[in-house]
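Notes follow once the structure below has been shown.
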Amino acid sequence: MADELAGDDVLDAYSRVVSGVAERLIPRVASLRITGSSGRGGESSGSAVVLTGDGHLLTNAHVVGDASAAAAEFADGTTARARVIGVDRLSDLAVLRADRDIPDPPEYGDADRLKVGNLVVAVGNPLGLAGSVTAGVVSALGRSLPVRSGSANRIIEDVIQTDAALNPGNSGGALADGNGRVIGINTAVAGIGLGLAVPMNSTTRRIIYSLLHDGRVRRAYLGLVSTPAPLRPALAERFGQRTALRVVEVIPASPAAAAGLRPGDLVLAVDGVPLRDAQSLQRQLFEDAIASRTEITAIRNNALVDVIAYPAELTDR
């Protein structure tokens, strides 16, 4: 009997957390309707989260496509015309600006603090059903999501995987922690019981800042494909890090190829900043790195090597 009561208490606490998050976020997540985007027939839909107090909204790049505007509707009946002011297909993020007052933004958190098993709540408008809420846990971190940018195939790194149910129309909606802080923007259904979200962290905040102020994100390009790899204990102790990035492929005629990087190299650091995951490298490859002298420290055949690269600007070609 005591065990049953304890179980009821746990379920009641869970329900209070989920309902509390829903109460905070449902008014701040809009239903989007997009028309006139080339390559699409008729009207498409998705979700968007209030970003700023002066009318900006955050959604997915794939939700807006190449449309210039969308119609936004909130739970309280507020409707607005929202102009697309910036799109970044490599992060699958887009920023819009509403033409009238909209609800205040929610609190945004830091996805880098998440752990597998943390409770998360998804709020969006799946299948046109406004204000829908599902809950689950973080089922994995550091996933990769293939995207297409122009004529090029790219990878969004370090996405959040959750078992909170997502359906078409959830894209662009909020993924929140148990305190109601938005820690991700739902972006894809990966399969039955699996959803993916772009994390909110220092990297995405930098991307959002660029979209707000410049309408685009300029990135540097090295031209290597890498994967995290553990260092042997002796090397980990020597360099003070347990992982590095193993070079899987070097793109011909790229800055990485010109610098002399080779498949199999273990890249430890860029300009002295340790690389422990793919996002560590991405943080080094924004606008200020384009054409700048960049020192790359790697291990090759158990020997330490330093090479100098001059990253090019990443394009969609």
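Note that this is a predicted model, so its numbers are computed, not measured. What's counted below: heavy atoms across the whole structure, side chains too, no hydrogens, waters or symmetry copies.
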> Going through the checks in order, is the salt bridge (charged side-chain N to carboxylate O under 4.0 Å, His left out) test met by Arg206 and Asp288?
Replying inline: CA-CA 12 Å; Arg206 186 170 182 175; Asp288 51 1; 3.6 Å; yes
> Does Ile183 share a hydrophobic cluster with Val116, counting links as ILVMFWY side-chain heavy atoms below 4.5 Å and allowing steps through other members?
Replying inline: yes
> Roughly how far apart are Ser47 OG and Leu58 CG, rounded to 0.5 Å?
Replying inline: 11.5 Å
> Could you go step by step and tell me if Ile299 and Leu304 meet the side-chain contact (heavy atoms from CB on, under 4.5 Å) rule?
Replying inline: CA-CA 5 Å; Ile299 298 173; Leu304 197 64; 4.2 Å; yes
> Would you say the side chain of Tyr310 lies within less than 4.5 Å of the side chain of Ser292, judging by non-hydrogen atoms?
Replying inline: no
> Hey, does Met200 have a side-chain heavy atom less than 4.5 Å from the side chain of Asp110?
Replying inline: no
> What is the minimum heavy-atom distance between Ala72 and Leu32, and which atoms define it?
Replying inline: CB-CD2, 3.8 Å
> Do Val198 and Leu93 pass the side-chain contact (heavy atoms from CB on, under 4.5 Å) test, and can you show the C-alpha distance, the side-chain angles, and the key distance before you say yes or no?
Replying inline: CA-CA 8 Å; Val198 178; Leu93 293 175; 4.2 Å; yes
> For Gly55, does its backbone N or O pair with a side-chain atom of Arg100 as donor and acceptor, under 3.5 Å?
Replying inline: no
> Between atom OH of Tyr108 and atom CG of Leu51, what is the distance when rounded to the nearest 0.5 Å?
Replying inline: 5.0 Å
>> So, taking the atom named CG in Leu245 and the one named CG in Leu266, what distance separates them when rounded to the nearest 0.5 Å?
In response: 9.0 Å
> Is Leu90 close to Val217 at the side-chain level, that is, under 4.5 Å between some pair of heavy atoms?
Replying inline: no
> Can you list every side-chain hydrogen bond (donor to acceptor under 3.5 Å, both in side chains) pair that touches residues 227-248, not counting sequence neighbours?
Replying inline: Arg232-Asn302
> Below 4.5 Å, heavy atoms only, C-beta onward: do Asp177 and Asn118 meet side chain to side chain?
Replying inline: no
>> Please say yes or no: joined through hydrophobic side-chain contacts below 4.5 Å, possibly via intermediate residues, are Val182 and Ile207 part of one cluster?
In response: yes
> Between Ala67 and Thr35, which heavy-atom pair has the shortest distance, and what is it?
Replying inline: CB-O, 4.2 Å
> Would you say Ser139 and Leu194 make side-chain contact, with heavy atoms under 4.5 Å?
Replying inline: yes
> Once you round to the nearest 0.5 Å, how far does OH of Tyr14 lie from CG of Leu119?
Replying inline: 5.5 Å
> Does any N or O in the side chain of Arg262 come within less than 3.5 Å of the main-chain N or O of Arg300, such that one atom is a donor and the other an acceptor?
Replying inline: no
> Mind checking what makes side chain to side chain contact (heavy atoms under 4.5 Å, CB included) contact with Asp101, not counting sequence neighbours?
Replying inline: none
> Quick one: do Phe286 and Leu212 end up in the same hydrophobic cluster if we chain Ile, Leu, Val, Met, Phe, Trp and Tyr together by side-chain heavy atoms under 4.5 Å apart?
Replying inline: yes
>> Ignoring hydrogens, what is the shortest heavy-atom contact between Gly223 and Ser254? Give both atom names and the distance.
In response: O-OG, 3.4 Å
> So do the side chains of Leu96 and Ile85 get within less than 4.5 Å of each other, counting heavy atoms only?
Replying inline: no
> Could you go step by step and tell me if Arg219 and Asp88 meet the salt bridge (charged side-chain N to carboxylate O under 4.0 Å, His left out) rule?
Replying inline: CA-CA 11 Å; Arg219 288 183 175 85; Asp88 181 50; 2.7 Å; yes
> Counting heavy atoms not belonging to Glu295, are there more than 12 under 6.0 Å from its CD?
Replying inline: yes
>> Do Val17 and Leu25 land in one hydrophobic cluster if side-chain heavy atoms of ILVMFWY residues count as linked below 4.5 Å?
In response: yes
> When you measure from the side chain of Asn201 to the backbone N and O of Thr204, does any donor-acceptor pair fall under 3.5 Å?
Replying inline: yes
> Given the rule in the side-chain contact (heavy atoms from CB on, under 4.5 Å) test, do Ile185 and Thr59 qualify, once you have shown the distances and angles that lead to the verdict?
Replying inline: CA-CA 7 Å; Ile185 300 298; Thr59 187; 5.8 Å; no
>> Could you walk me through whether Leu231 and Leu268 satisfy the side-chain contact (heavy atoms from CB on, under 4.5 Å) test, starting with their C-alpha distance in whole Å, then the side-chain angles of each, then the deciding distance to 0.1 Å, before giving a yes or no?
In response: CA-CA 10 Å; Leu231 292 176; Leu268 294 170; 3.8 Å; yes
>> Within the 4.5 Å heavy-atom criterion, are Pro106 and Val50 side-chain neighbours or not?
In response: yes
> What distance separates Leu285 CG from Tyr221 OH, expressed to the nearest 0.5 Å?
Replying inline: 11.5 Å
> Which atom pair, heavy atoms only, marks the closest approach of Ala259 to Ile308?
Replying inline: CB-O, 3.2 Å
> Going by the salt bridge (Lys or Arg N to Asp or Glu O under 4.0 Å) test, which pairs reach into residues 72-86, not counting sequence neighbours?
Replying inline: Arg33-Glu73
> Just one of Leu261, Ile296, Thr294 clears the side-chain contact (heavy atoms from CB on, under 4.5 Å) bar with Leu222, so which one?
Replying inline: Ile296
> Heavy-atom distance under 4.5 Å between the side chains of Val63 and Ile34, does that happen here?
Replying inline: yes
> Taking it one step at a time, do Arg283 and Asp112 satisfy salt bridge (charged side-chain N to carboxylate O under 4.0 Å, His left out)?
Replying inline: CA-CA 14 Å; Arg283 292 190 188 106; Asp112 288 347; 3.6 Å; yes
> Distance from Asp92 atom CG to Asn60 atom CG, nearest 0.5 Å?
Replying inline: 4.0 Å
> What do the steps show when you test Arg218 against Glu313 for salt bridge (charged side-chain N to carboxylate O under 4.0 Å, His left out), and what is the final call?
Replying inline: CA-CA 7 Å; Arg218 295 183 67 203; Glu313 182 168 3; 2.9 Å; yes
>> Whether the side chain of Thr52 engages the backbone of His56 through a donor-acceptor N/O pair (distance < 3.5 Å, no angle test) should be reported.
In response: yes
>> With side-chain contact (heavy atoms from CB on, under 4.5 Å) as the test, pick out the partner of Val267 among Val247, Val307, Leu281.
In response: Val247
>> Please check: side-chain N/O of Asn125 versus main-chain N/O of Asn170, any donor-acceptor pairing under 3.5 Å?
In response: no
> Can you name the nearest heavy-atom pair linking Arg89 to Gly65, along with the distance?
Replying inline: NH2-O, 2.9 Å
> With hydrophobic residues grouped by side-chain heavy-atom distances under 4.5 Å, do Val29 and Val21 end up in a single group?
Replying inline: yes
> Counting only N and O atoms by type, is there a donor-acceptor contact under 3.5 Å from the side chain of Ser19 to the main-chain atoms of Ser15?
Replying inline: yes
> Any sub-3.5 Å donor-acceptor pair from Arg293's side-chain atoms to Ala309's backbone N or O?
Replying inline: no
